[in-house]
Amino acid sequence: MSAFLSTHTRSHSAGALRAADAGKTVVLTGWVKTYRDHGQAIFVDLRDREGITQLVFDPSFSKEAHEAAGVLRNEWCVGIVGEVRSRGGNVNQKIATGEVEVWVKTLEVFSKSDTPPFAIEDDVDTNDTLRLKYRYLDLRRPKLQKNLIMRSQITRTTRAYLGGAGFLEIETPFMVKYTPGGARNFLVPSRLNPGNFYALAESPQIFKQLLMVAGYERYFQIVRCFRDEDLRNERQPEFTQIDIEMSFVTEEILQTTMEGLMQTLWREVLGVELTLPLRRMTFAEAMDKYGVDKPDLRCDLILCDVSAPSGKSGFKIFENVVNGGGIVKCLRVPAASAEKLSRSTLDGLTDFAKSFGVKGVAFARVQEGGAWQAPFAKSFSDEARNEVNRIAQAVPGDTLIFVAEKPKVANTCLGAIRLNIGDKLGLIRKNEWQFMWLTDPPLFEVDDDTKEIAAAHHPFTSPRVEDEHLLDSAPEKVLARAYDLVLNGVEVGGGSIRIHQPGLQARAFKALRISDEDQRAKFGFLLDAFKFGPPPHGGIAFGLDRLAMLMTQAEFMRDVIAFPKTQKGSDLMTECPTPVSKKQLDELFVQVKADLPVK
RNA sequence: GGAGCGGUAGUUAAGUUGGUUAUAACGCCGGCCUGUCACGCCGGAGGCCGCGGGUUCAAGUCCCGUCCGCUCCGCCA
C-alpha cells in the first residue's frame, strides 16, 4: 500500500469542486490528462471518472511539488494534497470545475504510464482494432465512462422499479439442455458425461415459465444470453436482457406495467417525461406503411401498396412481378423534400437497393395534371397511373419511388430506402423518443421457398382468441397475443401471452407439424409441468444493450459494453478464442478435425 | 453463405497516368517559456506502406491470394 494512502483519503472527485470550496485543503486522485509546463508554473489537468480539475504547481507555493511535477507525463496515476483557490475572472467555461483550481502542496506518483497508443479523449477517431486491443484505455475516455455509468443507472432503476412492483429477481441456469430450432447454441462439453453437451442459454424463456408454474407470480432477471449467430453492430454473441414474466395478466396489464418501467427510466436516468399510454400499432399496419415490424416514427414518410393498379398497368416489369405473387410498393417523397433529391442520390438508391437483392428501383416525378416524368411513363396506362397517384396521395412535384419484388424483399428494401432518404433529406427528427407497441403479429411464419411453417416467436405463444378456430384450417392467418416495444425504429423488447392450456398447446404443435415424439424430446419437462395447474401468464424481454445504446445515444453497441467482441466474435484484448491443448480436449472427450490447429 | 468499405511513422490521414530521398498534422524526445487551459517557440528522432505471391527496368500505387477490422443482406427475437 502506498504511504500516501495510509495518511491521506480522497476528499473530492475531480468533478466536484466549485467556487464555494475555495480555501479548502483537498486530496484528489486521478490521471494526468494534460500538462502545460511554463517553466515557472506547471498546469496539470487531473481526470477521474467524474470530471477534470486543473492543478497548479508553483515553486513559490511548494518548491518540492513543482520539481516533482516536472517529470509528469500523460496518463500517470497520481494523488495530490492542495489548496482550492478561486480563479477569479479567469474561469474555464469548458469544465464544471472551471471556477477553481487546486494549488498543489504534495504530489504522489502512484504509477507511471507508457505513452498511450491513442489519446484518451472523446471524439478521437482511432481504429476499432486498436481501441479493442487496449480496451482499458478506451474505457478511460469520458464518453465511454459516461455510457457505462448510465448503463449502471439503468439497471439500478430497473431493479428498484420492478422490486417495488412485486417482482422477484431469480437466477436461472446458463448451462442448459440443448433444444433445436431458434438461434444456434454455443455448446459446452461435459467432462463428467463423455460425449454429452450443455448449451449456453439463448434466453431463460422456459425457466421463467416454470417459475410461473411454481407460483412466483412476478419474476425478473437482468441476465446474459448467448447466441451463436452472425454478428452486427447491434448484435453481440453474449448480450443482456431484462427478462420478465407475470402470472394472471392480460396484454394490457403487462404493457401498462412495462410502460411504467420506461417512464421511470426516462424520468430518473434522462430527466425526460414520457406521455403514457404509448402508441399501439398492428403488425399489418406497420408492414403496410413502413415495410418493417419496427417502424421509426420519427420520420413521417410512409409507403403504400400499389400492386393492384400496377398489375394491370401495361408496364410489363410490374405486371410480371404482381402475377408472380409479388407486390409493388411505393414511397412518396413530398414535393418540398423531393426538390432536394439529387440525381446522384437517386442513382445511389439503386445500388443501396441491390444490397437487398432487389433488381431495380423505379422513380417517377409527378407533374401538373398527374402525369409522370419517368422512363417507363409511356408504358404505364393513364388509368393505372391515376389510381397509383390516388393511393399514394401524390400531388405535383412529388417523387414516387417504386420497388416491385416478392412481398418480404419489397418491404425490407423500401422500408430501408425510407429511412435512408429520410436521413439524407433531414426528415428524421433526431431529438424525439418515438415509442410504440407493435401488436397482433402472425403466430406462424411460412418459409418463402420451402413453404414450411414455423413459430414466429416460440411455440408457446398464444393465438388470439378470435383466431383459435383457424389453427387447424388456416394457421398462417392466425395472429398472436404477442407484442414488441419499438423505440425510434429499434426493437427494444418483445414478448407474448403464453399458452397454458394443454389442449390449445397440442393444436399449436400440430399446426407446426411437431410430432408427439418430438414434443416429448424437446419440451417434455415443460409439458409435464403444465399438467400441474399452470397459471395464465405472459412476459417480455428487453434488450438492455439496445436500450442503453438509445439512452446514451451511442452509435455502436460496443460503446455501451465494457468488453465487447468483434464481428467475428473475438476479443482482441485477451485474444480469444484460441485453440486448446490435446490434453484439455482429451479430458472432454472432444476431437478437433485433423486439418484444424490444436495447441 | 453473400455484397461493400478500410489497413501507409505511436495516432489520424495525403500519396497524381507505376518513376528518384514516402509527406503533413497531432503525439513522442531534448531545450526555452510567470497564467496556460487544443499553451507557445526552437531543435530532433521515428516507416516490414497488413501479410504472401505475380506483372514490370521499376510497385505504397497494377493483378491474384490471404489475414484482420467495420457496415449491410441472409441468419438471428
Side-chain angles (χ1 to χ4, degrees), chain A residues 33-46 52-60 66 73-75 85 87-95 97-98 101 103 114-121 123-134 137 181-185 202-203 205 225-237 239 241 243 293-294 351-358 408-409 412-413 416 420 438 441 445 447-449 455-458 461 482-486 490-496 540-543 546 555-556 558 565-568 570 572 575:
Chain A
K33 177 176 175 277
T34 45
Y35 59 94
R36 296 176 291 278
D37 184 348
H38 286 253
Q40 281 294 312
I42 297 172
F43 300 96
V44 169
D45 289 340
L46 183 77
I52 291 166
T53 300
Q54 172 160 286
L55 307 179
V56 181
F57 296 85
D58 190 301
S60 70
H66 177 262
R73 290 296 179 268
N74 287 345
E75 300 310 321
R85 293 193 181 178
R87 291 182 59 166
N90 185 22
V91 170
N92 183 349
Q93 305 285 357
K94 292 178 188 168
I95 55 177
T97 61
E101 58 194 11
W103 287 57
D114 285 356
T115 302
F118 49 84
I120 312 299
E121 353 176 298
D123 305 316
V124 170
D125 193 14
T126 302
N127 86 52
D128 297 300
T129 312
L130 208 66
R131 289 180 55 187
L132 289 170
K133 180 171 178 189
Y134 297 95
L137 293 181
R184 198 177 289 120
N185 291 110
E202 310 169 16
S203 77
Q205 182 61 40
C225 303
F226 306 88
R227 291 180 193 166
D228 186 9
E229 294 293 343
D230 286 1
L231 306 176
R232 289 279 196 290
N233 177 11
E234 297 194 8
R235 245 190 268 160
Q236 284 274 319
F239 61 98
Q241 282 188 345
D243 194 48
D293 58 1
K294 44 183 179 170
D351 287 337
F352 181 69
K354 279 179 182 157
S355 69
F356 293 85
V358 168
K408 216 172 148 188
V409 180
T412 303
C413 177
N420 185 291
L438 181 103
E445 274 171 357
D447 189 294
D448 271 350
D449 303 319
H457 195 64
H458 60 74
T461 304
Y483 33 79
D484 287 343
L485 185 67
V486 177
V490 177
E491 182 203 318
V492 294
S496 65
I540 192 166
F542 296 99
R546 286 182 184 178
E555 193 179 345
F556 302 99
R558 295 185 289 284
K565 295 197 167 46
T566 70
Q567 201 158 41
K568 283 189 73 182
S570 55
L572 299 179
E575 295 180 318

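Scope of the values below: all heavy atoms of this structure, side chains included, with no hydrogens, waters or symmetry mates. A, B, ... follow the sequence lines: proteins, then strands. Residue 1 opens every chain.
Heavy atoms of A:D230 sit under 4.0 angstrom from at least one base atom. When heavy atoms are screened at a 4.0 angstrom cut-off, A:S203 is found touching no nucleic acid atom at all. Looking at heavy-atom distances under 4.0 Å, A:Q205 makes no contact with the nucleic acid at all. Counting non-hydrogen atoms under 4.0 angstrom, A:R235 reaches a base of the nucleic acid. Residue-level contact check: A:L130 touches the backbone only, with heavy atoms under 4.0 Å from sugar-phosphate atoms and none from bases. Nucleic acid contact class of A:D58 (heavy atoms, under 4.0 Å, all strands): none. Contacts of A:N92 with the nucleic acid, taken as non-hydrogen atoms under 4.0 Å apart, include base atoms. A:D484 comes within contact range of no nucleotide atom at all, as no heavy-atom separation falls under 4.0 Å. Looking at heavy-atom distances under 4.0 Å, A:F352 makes no contact with the nucleic acid at all. Using a 4.0 Å heavy-atom criterion, one finds that A:F118 contacts no nucleic acid atom at all. Among the atoms of the strands shown, only primed sugar atoms or phosphate atoms (P, OP1, OP2) are found under 4.0 Å from some heavy atom of A:R558. If you check every strand for non-hydrogen atoms under 4.0 Å, A:R184 touches nothing.
For the P atom pair drawn from B:rU21 and B:rA59, the interatomic distance equals 12 Å after rounding to whole Å. Comparing B:rU61 with B:rC49, their C1' atoms sit 10 Å apart, to the nearest whole Å. Spacing between B:rC39 and B:rC29 at atom P, rounded to whole Å, works out to 15 Å. Comparing B:rC67 with B:rG53, their C1' atoms sit 15 Å apart, to the nearest whole Å. Nucleotides B:rA9 and B:rG15 place their P atoms 15 Å apart, quoted to the nearest Å. Taking the C1' atoms as reference points, B:rG50 lies 26 Å from B:rU20, given to the whole Å. Using P as the reference atom, B:rU23 and B:rG65 are 33 Å apart when rounded to the nearest Å. Taking the C1' atom of each, B:rC51 and B:rG69 are spaced 15 Å apart, rounded to whole Å.
Residue order along RNA chain B, read from the 5' end via each residue's closest nucleotide, puts A:E234 first among A:E234 and A:E229. Nearest-nucleotide assignment on RNA chain B puts the 5′-proximal partner with A:T126, out of A:Q54 and A:T126.
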**Request:** Decide side-chain contact (heavy atoms from CB on, under 4.5 Å) for A:K33 and A:N74; before the verdict, give the C-alpha distance in whole Å, the side-chain angles of both, and the deciding distance to 0.1 Å.
**Result:** CA-CA 6 Å; A:K33 177 176 175 277; A:N74 287 345; over 6 Å; no
**Request:** Quick one: do A:Q241 and A:R546 satisfy side-chain hydrogen bond (donor to acceptor under 3.5 Å, both in side chains)? Show the steps, please.
**Result:** CA-CA 9 Å; A:Q241 282 188 345; A:R546 286 182 184 178; over 6 Å; no
**Prompt:** What do the steps show when you test A:D58 against A:Q40 for side-chain hydrogen bond (donor to acceptor under 3.5 Å, both in side chains), and what is the final call?
**Reply:** CA-CA 7 Å; A:D58 190 301; A:Q40 281 294 312; over 6 Å; no
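One finds no salt bridge joining A:R235 and A:D230 here, because no Lys/Arg side-chain nitrogen approaches an Asp/Glu carboxylate oxygen to under 4.0 Å. The pair A:E229-A:R184 meets the salt-bridge criterion, with a side-chain N (NZ, NE, NH1 or NH2) lying under 4.0 Å from an Asp/Glu carboxylate O.
Evaluation of the side chain to side chain donor-acceptor pair (under 3.5 Å) rule for A:R232 yields no partner, not counting sequence neighbours. Looking at residues two or more places apart in sequence or on another chain, you find no side chain to side chain donor-acceptor pair (under 3.5 Å) involving A:D37.
Using the Watson-Crick or G-U wobble rule with both distances under 3.5 Å, B:rC70 pairs with B:rG4. Pair check for B:rA25 finds B:rU11; Watson-Crick or G-U wobble, both atom distances under 3.5 Å. In this structure B:rC32 sits in a base pair with B:rG40, meeting the Watson-Crick or G-U test at under 3.5 Å. Within the shown strands, B:rG65 is the pairing partner of B:rC51 under the Watson-Crick or G-U definition, both distances less than 3.5 Å. In this structure, B:rU17 makes no Watson-Crick or G-U wobble pair, since no nucleotide meets both defining distances under 3.5 angstrom.
Within a 6.0 Å sphere centred on NZ of A:K565, heavy atoms belonging to other residues, nucleotides or ligands number more than 12.
Nucleotides of RNA chain B that come within less than 4.0 Å of any heavy atom of chain A span, from the 5' end to the 3' end, B:rG1 to B:rA77.
When all heavy atoms of A:N233 and A:F556 are compared, the closest pair comes out as OD1-CA, 3.3 Å.
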